[in-house]
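The block underneath contains the structure these notes are about, expressed in structure tokens.
Numbers here are sequence positions counted from 1. Because the structure is a prediction, the values reported are computed rather than measured.
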Amino acid sequence: MANGRQASAKRMKMAERAQQHMNVHFPGFHPAWIWTRKTNDGFSTMPRTMPIVMQIIDAQTKGQPAGHTLFCLWARSQDHPVLMIENPATFAAEAGFIGERAVDTWRKRMRQLRDLWFIQTKPGASGEFHYVLLTNPNAAVAVAAAATSVSATSVSVPPPPSPNISK
């Protein structure tokens with residue numbers, strides 16, 4: 001396991017290697033066509049496992065897939081796990097819900113994510129989901145796997161916090 005300094009050094013090497021590949025395979029590519037987190041607004045860091053997590057969520061919420069709703073929350077996180085949702089209609093639209101029932105549908109998906117421990121919430125001025133804490137999706141998947149597995153003792157994720165604290 002790498003410490004913070006080692007991980008930073010490794011990332012620099014990976015970034016340098018990626019830049020070398022860019023220079024070799026895509027020379028002269030105009031910078032306007034390159035998304036760079038440090039120079040463009042609207043960024044986020046999310047787990048590499050997010051596509052798999054989204055598939056797991058969709059499988060657990062059959063008929064009412066909620067994976068894309070979680071993705072949209074992560075896309076808004078700006079490298080911090082707490083979101084403040086002042087306008088649920090904006091989040092509903094970003095998650096792909098349209099029409100009169102868009103916000104209601106989005107709220108149902110948010111409840112599913114909360115029930116599956118992918119988010120924790122606190123009410124506020126905009127309602128039930130004003131404050132949202134994005135939990136580690138890998139931990140939520142591990143807890144779900146432990147709940148359905150016979151060998152639950154092999155999972156090294158602490159149990160989720162008490163529901164009365166997080167909801």
Side-chain heavy atoms of V53 within contact of F118, under 4.5 Å: yes
4.5 Å side-chain heavy-atom contact, Y131 and T121: no
Minimum side-chain heavy-atom gap L70-M54 below 4.5 Å: no
Shortest non-hydrogen contact between S126 and H130, atoms and distance: OG-ND1, 2.7 Å
Interatomic spacing from CG in D115 to CD in Q60 - rounded to 0.5 Å: 11.0 Å
Cluster check L116, I52: I/L/V/M/F/W/Y, side chain < 4.5 angstrom: yes
Side chain proximity check, Q112 to T61, heavy atoms < 4.5 angstrom: yes
Heavy-atom side-chain contact between I85 and V132 under 4.5 Å: yes
W117-M46 co-clustered via ILVMFWY side chain contacts under 4.5 Å: no
Where V103 and P88 come nearest, the two heavy atoms and their spacing: CG1-CB, 4.0 Å
K122 and E128 ion-paired at < 4.0 Å: no
Test: R107 cationic atom under 6.0 Å from F129 six-membered ring centre, within 45° of axis: no
Heavy-atom side-chain proximity of R109 to H68 below 4.5 angstrom: no
Validation row: H80, L134 side chains within 4.5 angstrom (heavy atoms): no
Co-membership, hydrophobic cluster, residues L73 and F71, 4.5 Å side-chain: yes
Within one Ile-Leu-Val-Met-Phe-Trp-Tyr cluster: I57 and V143, side-chain cutoff 4.5 Å: no
Heavy-atom closest contact (A92 atom, A102 atom, distance): CB-O, 3.7 Å
Aromatic ring pairing H25/H21, orientation class (parallel under 30°, perpendicular over 60°, tilted between): parallel
Cluster check W106, I98: I/L/V/M/F/W/Y, side chain < 4.5 angstrom: no
Q55 CD to M50 CE distance, which is reported to the nearest 0.5 Å: 12.5 Å
M84 and R76: CA distance, side-chain angles, deciding distance, side chain to side chain contact (heavy atoms under 4.5 Å, CB included) verdict: CA-CA 10 Å; M84 189 169 68; R76 287 287 198 128; over 6 Å; no
Donor-acceptor under 3.5 Å (D58 side chain, A66 main chain): yes
T69 side-chain N/O to M110 backbone N/O, donor-acceptor pair under 3.5 Å: no
Heavy atoms from other residues, nucleotides or ligands near CG of L133 exceed 12 (cutoff 6.0 Å): yes
Pairwise side-chain contact, F97 with D104, heavy-atom cut-off 4.5 Å (strictly under): no
Atom CD of Q19 with >12 non-hydrogen neighbours under 6.0 angstrom: yes
